[in-house]
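All values derive from a computational prediction rather than experimental measurement.
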Amino acid sequence: MKLENMLEGRLIKRYKRFLADIELDNGREMTVHCPNTGSMKNCADPGSRAWIQDSGNLKRKYVYGWELVEVEGRYLACINTGRANHLVREAIESGVAEPLQGYGTLRTEVKYGAENSRIDLLLQQEGRADCYVEVKNVTLFEGDGLGTFPDAVTTRGAKHLRELMAMVAEGHRAVLFFCVPHTGIERVMPADHIDPEYGQLLREAVNAGVEVIAYGARITPDEVTLVRQLPVML
């Protein structure tokens, strides 16, 4: 995924969930949209290098959006959670996501389940069970190569796990895909210290037949691409 029209600066602060103040390299300060509803723990330290993108939409109140941040002065992370589905779709269509190959049709945001959900990606191929893929973005870096999910208590994430288990019970394939756009993360596990109920439910889902995979990214200020599968520790 190419990133165009990017500007570099320093994070002053992130606030009100959807806003961030950035000081550009030329000294200009800007308020930009923060496309991340999570806690952004360890990804929003004031003074961190940050990259913002010009949306080109002058009708938006905040024309620029925050895309990348430097973590601990050496790693890059994409904090725009809206990119995750696109990154995973790109990895499937390019053949990088090997466990999800062999499907002729890929649909997005399809309604399904008993809890009024929408699946991120639905893969279909005649003669094969439908494959329901739920995408989760992982940027919480705990150190020593470890990334965890979620970064805050997630009732929505628990609902998605229940829906995936129900799809397996109906004879379909269900996959939880951890998209990891953080160059410091080399393995993923549930954040039991943040949301122990989610961690327990995730393990129940795996025992019920839900597959869990994770892919890490190569990131530059101009491009984010999923490139390698990462181990998931349960």
Is any side-chain heavy atom of [X] closer than 4.5 Å to a side-chain heavy atom of [Y]?
X: Cys34; Y: Met40; value: yes
X: Asn85; Y: Glu109; value: yes
X: Ile12; Y: Pro46; value: no
X: Leu11; Y: Ile22; value: yes
X: Leu100; Y: Ile213; value: yes
X: Lys136; Y: Glu134; value: yes
X: Leu7; Y: Asp54; value: no
X: Val88; Y: His86; value: no

[atom1]-[atom2] distance between [X] and [Y], expressed to the nearest 0.5 angstrom:
X: Ile79; Y: Thr139; atom1: CD1; atom2: OG1; value: 8.5 Å
X: Arg107; Y: Leu123; atom1: CZ; atom2: CG; value: 11.0 Å
X: Asp130; Y: Glu170; atom1: CG; atom2: CD; value: 10.5 Å
X: Leu87; Y: Ile92; atom1: CG; atom2: CD1; value: 11.5 Å
X: Leu161; Y: Lys159; atom1: CG; atom2: NZ; value: 12.0 Å
X: Leu226; Y: Ser94; atom1: CG; atom2: OG; value: 8.5 Å

Ring centroid separation Phe18 to Tyr62 under 6.0 Å
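Distance test on ring centres: not under 6.0 Å, no.
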
How about Tyr215 and Phe178: are their ring centroids closer than 6.0 Å?
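Centroid distance Tyr215-Phe178: not below 6.0 Å, so no.
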
side-chain hydrogen bond (donor to acceptor under 3.5 Å, both in side chains) for Ser48 and Glu70? Distances and angles first, verdict last.
CA-CA 6 Å; Ser48 299; Glu70 187 178 61; over 6 Å; no

If the threshold is 4.0 Å, N to carboxylate O, is there a salt bridge linking [X] and [Y]?
X: Glu223; Y: Lys2; answer: yes
X: Asp45; Y: Arg10; answer: no
X: Arg28; Y: Glu23; answer: no

Please report the shortest heavy-atom distance between [X] and [Y], naming the atom on each side.
X: Leu140; Y: Lys41; answer: CD1-O, 3.5 Å
X: Gly171; Y: Ala129; answer: O-CB, 3.6 Å
X: Pro181; Y: Ala217; answer: CA-CB, 3.8 Å
X: Cys43; Y: Ala77; answer: SG-CB, 4.4 Å
X: Cys78; Y: Val224; answer: CB-CG2, 4.4 Å
X: Gly56; Y: Val63; answer: N-CG1, 4.2 Å

Pair Arg14, Trp66 - check side-chain contact (heavy atoms from CB on, under 4.5 Å), show working.
CA-CA 10 Å; Arg14 181 248 186 157; Trp66 185 10; 4.1 Å; yes

Give a yes or no answer on whether the side chain of [X] reaches the backbone of [Y] with a donor-acceptor pair at less than 3.5 Å.
X: Arg60; Y: Ser55; result: no
X: Thr148; Y: Pro190; result: no
X: Thr81; Y: Pro35; result: yes
X: Asp120; Y: Val135; result: yes
X: Arg173; Y: Val168; result: no
X: Glu90; Y: Met1; result: yes

Taking atom CD of Glu204 as the centre, report whether more than 12 heavy atoms of other residues, nucleotides or ligands fall under 6.0 Å from it.
yes

Are there more than 12 heavy atoms of other residues, nucleotides or ligands under 6.0 Å from atom CG of Asn116?
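12 or below, so no.
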
Can Arg128 be said to sit on top of Tyr103's aromatic six-ring, NZ or CZ under 6.0 Å from centre and within 45° of the ring axis?
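So Arg128 does make the cation-pi contact.
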
Do you reckon [X] sits in the same ILVMFWY cluster as [Y], going by side-chain contacts under 4.5 Å, direct or chained?
X: Val175; Y: Leu121; value: yes
X: Trp51; Y: Leu3; value: yes
X: Met6; Y: Val69; value: no
X: Tyr75; Y: Val180; value: yes
X: Val188; Y: Phe177; value: no

Is the closest side-chain donor-acceptor distance between [X] and [Y] under 3.5 Å?
X: Asp21; Y: Tyr15; value: yes
X: Glu163; Y: Ser117; value: yes
X: His33; Y: Gln53; value: no

Apply side-chain contact (heavy atoms from CB on, under 4.5 Å) to Glu142 and Asp144, showing your working.
CA-CA 7 Å; Glu142 305 280 7; Asp144 193 29; over 6 Å; no

Val206/Val212 under side-chain contact (heavy atoms from CB on, under 4.5 Å): CA gap, chis, key distance, verdict:
CA-CA 7 Å; Val206 170; Val212 182; 3.6 Å; yes

Dump the intermediate steps for side-chain contact (heavy atoms from CB on, under 4.5 Å) on Leu201 and Met165, then the final yes or no.
CA-CA 10 Å; Leu201 188 59; Met165 285 190 281; 3.5 Å; yes

